[in-house]
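In what follows, a structure is listed as structure tokens, so that the remarks can point back to it.
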Amino acid sequence: MQLRGDREGSRVDKPNLKDMTLKEIEGFISDLGKEKYRAKQVMKWMYQSGAASFDDMTNISKDFRTGLSALAKISSLEIVKIQTSRDGTKKALFKLNDGNFIESVLIPGKNHWTLCVSTQVGCRMGCRFCFTGKCDFKRDLLPSEITDQITMLRFNTPYGKDIKNIVIMGMGEPLENYDNTLKAIRIITADCGLAISNRRITLSTCGIVPAIRRLGEDASVNLAVSLNAPDNETRNFLMPINKKYPLEALIDACLKYPMPRRRRLTFEYVLIEGVNASLKDAVSLAGLLRGLRCKLNLIPFNEYPESEFRAPAQTDIEAFRDVLIKHNYTAVIRAGRGGDILAACGQLSGRGNRTGEDNV
Ligand code: SF4
């Protein structure tokens with residue numbers, strides 16, 4: 001597939017402007033003896049017009065373009081394949097310049113798409129219920145590799161212009177790749193960047209407490225916490241990170257996470273038969289979250305190859321939700337979207353079928 005944005009990608013020796021925030025590009029351009037305002041022009045070309053090379057930036061003088069291309073590059077990702085689930089969810093497989101693969105998931109809404117982006121190749125967190133956590137961790141993604149999941153889909157698919165919401169939750173733990181994720185958020189929200197409001201961005205974490213505190217100071221995005229247990233014993237079993245940052249510290253960080261008045265935290269809770277889905281668990285969960293302005297997404301466990309768990313029966317899932325509602329929480333059962341193409345929560349691996357026809 002010939003894509004816009006792939007002509008500058010192979011040059012590895014020059015700084016990549018897509019790894020820089022507006023401020024950094026301004027500094028880079030000032031160092032070349034040019035006016036700072038040109039940084040905004042360059043960013044608009046990269047993120048709002050999908051410019052593939054400096055030659056495409058036609059309102060910038062030829063001399064300056066030549067100078068830029070001698071000293072910097074513009075990267076891209078290769079879209080290898082896009083699969084479509086029976087329910088309309090799409091999974092995009094990207095190839096990185098070093099040959100690694102990552103996946104993003106597009107979830108259809110009424111008049112828009114939500115894009116779930118990855119921040120690492122694999123994940124080190126080892127959550128027991130998650131396929132990504134069982135795959136080898138390779139490396140952190142660069143800021144450009146995070147934002148290019150959005151940019152490449154925006155300019156190379158018919159529905160890309162309708163991507164309105166971003167969820168930072170695909171492969172990897174975003175707060176483990178803190179600096180690059182924060183830089184990506186700055187580029188996504190910049191007026192001259194992807195220009196997506198921070199109200200429409202949600203970052204999901206397994207609970208790296210110090211980084212949650214930092215994020216609250218550095219950005220103003222929505223926070224989702226992958227909780228999955230009402231007590232430390234169960235959470236230690238499901239999520240090794242809990243041994244380092246137990247529930248008391250996690251809930252305290254959530255209570256202190258700064259949020260505008262009308263926003264709420266999201267807690268994700270994967271329901272696993274015989275592990276965390278009893279009515280007693282639901283009552284404990286209601287007690288644990290007391291005092292938090294939040295909503296709960298209940299996600300019946302999505303099976304994957306060799307998974308050791310199963311989802312509870314539908315009646316048990318509904319009974320669990322009803323306990324939370326009785327305790328005045330907003331609790332929604334999230335239908336596993338894209339399960340038939342391994343695109344649902346906890347199913348991403350970057351191993352998607354890498355050959356064959358795609359169905360953009
Ligand atoms: S649930 Fe998230 S943090 Fe846990 S292993 Fe999977 S990708 Fe990593």
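Only heavy atoms go into these numbers, but all of them, side chains included; no hydrogens, no water, no symmetry mates. Order of listing sets the numbers, starting from 1, for every ligand and every atom in it. One is the number of the first residue; the rest follow in order along the sequence.
- Using a 4.0 Å cut-off to heavy atoms of Cys130, the atoms of ligand 1 that qualify are 1 (S), 5 (S), 6 (Fe), 7 (S).
- Ranked by closest heavy atom to atom 2 (Fe) of ligand 1, the top entry among Ser226, Gly207, Gly172 is Gly172.
- The backbone N or O of Asp140 sits nowhere less than 3.5 Å from a side-chain atom of Asn177 that would complete a donor-acceptor pair.
- Taking a cut-off of under 4.0 Å to the non-hydrogen atoms of Met125, the atoms of ligand 1 that pass are 3 (S), 8 (Fe).
- Under a 3.5 Å cut-off, the side chain of Arg124 and the backbone N or O of Phe137 do not form any donor-acceptor pair.
- With a 4.0 Å heavy-atom cut-off, ligand 1 is reached by the backbone of Cys127 and by its side chain too.
- Of the residues Val117, Ile82, Leu77, the one that meets the side chain to side chain contact (heavy atoms under 4.5 Å, CB included) test with Leu153 is Ile82.
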**OP:** Begin with the C-alpha distance, continue with both residues' side-chain angles, and end with the deciding distance and a verdict on side chain to side chain contact (heavy atoms under 4.5 Å, CB included) for Asp98 and Arg139.
**Re:** CA-CA 11 Å; Asp98 63 0; Arg139 66 172 177 86; 2.6 Å; yes

